Number of protein chains: 2
Amino acid sequence: MSVTQSSKAKQRSECVFSNVLDLFGDKWTLLVIRDIFFFNKHEFKEFLASPECIATNILSDRLKRLLANGVIAEQIHPENKSRKFYYLTEKGKALLPMLIAMAKWGAIYMPDLNEMQKLYARLREDEKKLLSEVMDAIEQWEAQNIPKSQ
Amino acid sequence: MSVTQSSKAKQRSECVFSNVLDLFGDKWTLLVIRDIFFFNKHEFKEFLASPECIATNILSDRLKRLLANGVIAEQIHPENKSRKFYYLTEKGKALLPMLIAMAKWGAIYMPDLNEMQKLYARLREDEKKLLSEVMDAIEQWEAQNIPKSQ
DNA sequence: GAAGAGTACTTGCAAAATGCAAGTGGTTGG
DNA sequence: CCAACCACTTGCATTTTGCAAGTACTCTTC
């Protein structure tokens with residue numbers, strides 16, 4: 001039990017923003033969510049391979065928190081018991097608009113557009129289409145990997 | 001010079017999300033932004049009075065970072081040189097959709113709806129109207145308090 | 001014009017979170 | 001059975017936070 005802050009340990013106030021930040025207000029949590037949404041990553045080692053180089057203990061902690069809060073779910077890899085899949089629950093999938101809003105702001109106001117040009121272009125071109133394409137990709141992965149997607 | 005992370009000190013990667021999180025990925029920064037948008041707060045002591053009880057050193061640091069990154073601007077209080085106004089720049093005002101997305105998610109998935117019911121109601125009722133009302137309030141404050149709003 | 005209150009901070013120190021390197025225990029392929 | 005892989009855990013140094021106290025400046029009141 002090393003989850004930095006358990007499910008609803010201490011909330012700083014009853015404000016939505018403060019509560020959302022209690023869950024996602026750090027430099028790593030949303031990067032994991034990004035990896036699932038936009039890079040179709042689902043395993044521990046895949047998250048580790050992201051360019052930000054998250055440490056294994058931090059990743060482990062964040063996955064636990066997200067699991068404990070029902071944002072993601074896990075499943076043993078069907079082909080290998082020592083591997084796991086992590087995937088978004090409905091609660092987690094509902095975060096996409098937030099990520100899109102972040103990306104839109106960043107695309108305009110952050111100086112460095114080198115990476116992710118494709119995302120920006122798709123964002124500018126047709127946001128709703130991007131949104132549905134990302135969700136389609138997620139659901140397609142689920143159909144192939146999660147036995148009974150409830 | 002105690003700003004935790006200067007303007008573009010070290011970026012973890014060239015990903016938008018990672019860059020946005022380098023700026024806003026903590027438990028306090030967006031609460032200051034929330035206070036300006038939704039509670040019409042503009043002074044140090046007003047931010048301190050929020051229910052989350054931010055410490056003075058943290059607040060001071062966050063204001064510096066936001067200033068350094070052009071998200072907010074400051075101005076000496078016209079009636080008292082020892083007071084300051086902090087207000088959103090265009091860059092800062094553009095954060096509203098992100099906050100709205102956070103609030104929408106929280107309104108649905110966070111268990112504690114006690115506070116901020118009004119915001120949720122307005123969000124459900126007519127999001128665009130809420131958005132423009134918040135922006136109107138901000139601009140009205142500026143018209144009254146910022147001499148030449150450029 | 002000195003005293004007191006208010007404002008926006010800074011400082012110092014303890015506690016917590018993070019970053020890094022190394023290790024652990026189970027699983028699988030050969 | 002052994003080496004490689006995988007998802008972690010552990011230990012420890014560094015960084016960030018939280019808290020209490022202090023400081024410098026301004027304005028108000030006598």
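Here is how names work: the chains are called A, B, and so on, in the same order as the sequence lines, proteins then strands, and each is numbered from 1. The structure presented is a predicted model; accordingly, all values stated were derived computationally and were not measured. The figures that follow rest on heavy atoms only: side chains count, while hydrogens, waters and symmetry mates do not.
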Given atom [atom1] of [X] and atom [atom2] of [N], what is their separation to the nearest angstrom?
X	N	atom1	atom2	result
B:I58	C:dT10	CD1	P	12 Å
B:L31	D:dG18	CG	P	11 Å
A:D61	D:dT10	CG	P	13 Å
A:K84	C:dG26	NZ	C1'	12 Å
A:L59	C:dA17	CG	C1'	16 Å
A:D22	D:dT17	CG	C1'	14 Å
A:I76	C:dG26	CD1	P	14 Å
B:H77	C:dG6	NE2	P	15 Å

Note, [X] side chain near [Y] side chain (heavy atom, < 4.5 Å):
X	Y	value
B:L99	B:M102	yes
A:W28	A:E52	yes
A:D26	B:D26	no

Of the non-hydrogen atoms in [X] and [Y], which two are nearest, and what is the gap between them?
X	Y	result
B:R12	B:S18	NH2-O, 3.6 Å
A:E43	A:K84	CG-O, 3.3 Å
B:M135	B:F37	SD-CE2, 4.0 Å
A:L88	A:E142	O-OE2, 3.7 Å
B:M98	A:A101	CA-CB, 3.7 Å

### Summary
Separation between OH (A:Y87) and CD (A:E74), nearest 0.5 Å, reads 9.0 Å
### Query
Hey, quick one: are B:I108 and A:I72 part of the same hydrophobic cluster, counting side-chain heavy atoms closer than 4.5 Å, chains of contacts allowed?
yes
### Query
Same cluster or not: are B:L67 and B:I76 linked, directly or through other Ile, Leu, Val, Met, Phe, Trp or Tyr residues, by side-chain heavy atoms under 4.5 angstrom apart?
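Looking at the clustering, B:I76 is in a separate group from B:L67.
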Just N and O in the side chain of [X]: are any of them under 4.0 Å from OP1 or OP2 of [N]?
X	N	answer
A:K27	D:dT15	no
A:W28	C:dA17	no
A:R62	C:dT18	yes
B:K64	C:dT10	yes

Detail all sub-3.5 Å separations between protein N/O atoms and N/O atoms belonging to nucleotides 19-23 of chain D.
from	atom 1	to	atom 2	distance (Å)
D:dC19	N4	B:N57	ND2	2.5

### Message
If you assign B:L63 and A:I54 each to the DNA chain C nucleotide with the nearest heavy atom, which residue ends up on the more 5' nucleotide?
### Response
B:L63
Please enumerate all protein N or O atoms sitting under 3.5 Å from an N or O of nucleotides 27-30 of chain D, with distances to 0.1 Å.
from	atom 1	to	atom 2	distance (Å)
D:dC27	OP1	B:K81	N	3.3

### Message
Students often mix this up, so state it plainly: with edges at 30° and 60°, are the rings of B:W141 and B:F85 parallel, tilted or perpendicular?
### Response
perpendicular
#### Entry: Near-strand residues of residues 35-49 of chain A, defined as heavy-atom separation under 4.0 angstrom from DNA chain C
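When residues 35-49 of chain A is checked for heavy atoms under 4.0 Å from DNA chain C, there are no hits whatsoever.
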